[in-house]
Amino acid sequence: MKLVLVEGDITEQRVDAIVNAANSSLMGGGGVDGAIHRRGGPEILEECRALRASRYGRGLPVGAAVATTAGRLPAQWVIHTVGPVYSRSEDRSHLLASCYRESLHVADSLGASTVAFPAVSTGIYRWPMADAARIALAAIRQAGSSVTEVRFVLFSPAAYAEFEQALGDMG
Ligand code: ADP
């Protein structure tokens, strides 16, 4: 598996699937979630509503992942995953790792071979970037997925630098 870091906007990526840092409601929100729904159009929300009406009546659990169409985006699918809110008093890193593992599992089941991820939980959910980068990269390496390219799309030079450092530290 090739691991690639880029600085940019995930909604512009030409990959089979992009991952959304969603919330449990699947009804859209701020940050990357808002950008994906805005640029992808209403078909994504329609499928999210259908998921809420069927499999996920109580919402998508933290650490889980599910796919919808990507609507008008260049990607074919959006894989929605719900990151944990960062906590200083409780270690939730297994849930953050689970987002990456489960998203790749969904990608495998779709037959997606290229997948782009944002830095899940590092925005509104406040996870420190360096720690999130370390958890994300380790989880992806350990996932044993048949995805051929995982692309991390970092939204700022600072986020890119943290991921580059974490990748270097892993050797
Ligand atoms: P969370 O609620 O999981 O923290 P956010 O969307 O608030 O999700 O933030 C996750 C990360 O995505 C942050 O690092 C944020 O800067 C970044 N981000 C926001 N918009 C985009 C975008 N269009 N493309 C890629 N990353 C983005």
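Numbering of residues begins at 1 and proceeds along the displayed sequence. All ligand and atom numbering here is 1-based and tracks the order in the structure.
- Ion pair R49/E47 not flagged as a salt bridge, since none of the NZ, NE, NH1 or NH2 atoms sits closer than 4.0 Å to an Asp/Glu carboxylate oxygen.
- Not close to ligand 1: G83, with no non-hydrogen atom less than 4.0 angstrom away.
- Using a non-hydrogen distance threshold of 4.0 Å, T11 does not register as a contact of ligand 1.
- No side-chain N or O of H105 forms a donor-acceptor pair with one of S145 less than 3.5 Å apart.
- The ligand atoms of ligand 1 that sit less than 4.0 angstrom from a heavy atom of D9 are 22 (C), 23 (N), 24 (N).
- The protein non-hydrogen atom at the shortest distance from atom 14 (O) of ligand 1 is T122 OG1, 2.6 Å.
- Between M1 and T148 the shortest side-chain heavy-atom distance does not fall below 4.5 Å.
- Close contacts of ligand 1 with G123, meaning ligand atoms under 4.0 Å from a residue heavy atom, involve 4 (O), 5 (P), 7 (O), 9 (O), 10 (C), 13 (C).
- Ligand 1 has a nitrogen or oxygen under 3.5 angstrom from a nitrogen or oxygen of I124.
- Near M129, the atoms of ligand 1 lying under 4.0 angstrom from a non-hydrogen atom of the residue are 14 (O).
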- [ ] Run the numbers on T81 and N20 for side-chain contact (heavy atoms from CB on, under 4.5 Å), then give the verdict.
- [x] CA-CA 6 Å; T81 190; N20 181 18; over 6 Å; no

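- Within ligand 1, counting atoms from 1 as listed, the ones closer than 4.0 Å to a heavy atom of A119 are 10 (C), 11 (C).
- Taking every non-hydrogen atom of A21 and a distance limit under 4.0 Å, the qualifying atoms of ligand 1 come out as 3 (O), 8 (O).
- Distances shorter than 4.0 angstrom do not occur between any heavy atom of A159 and any atom of ligand 1.
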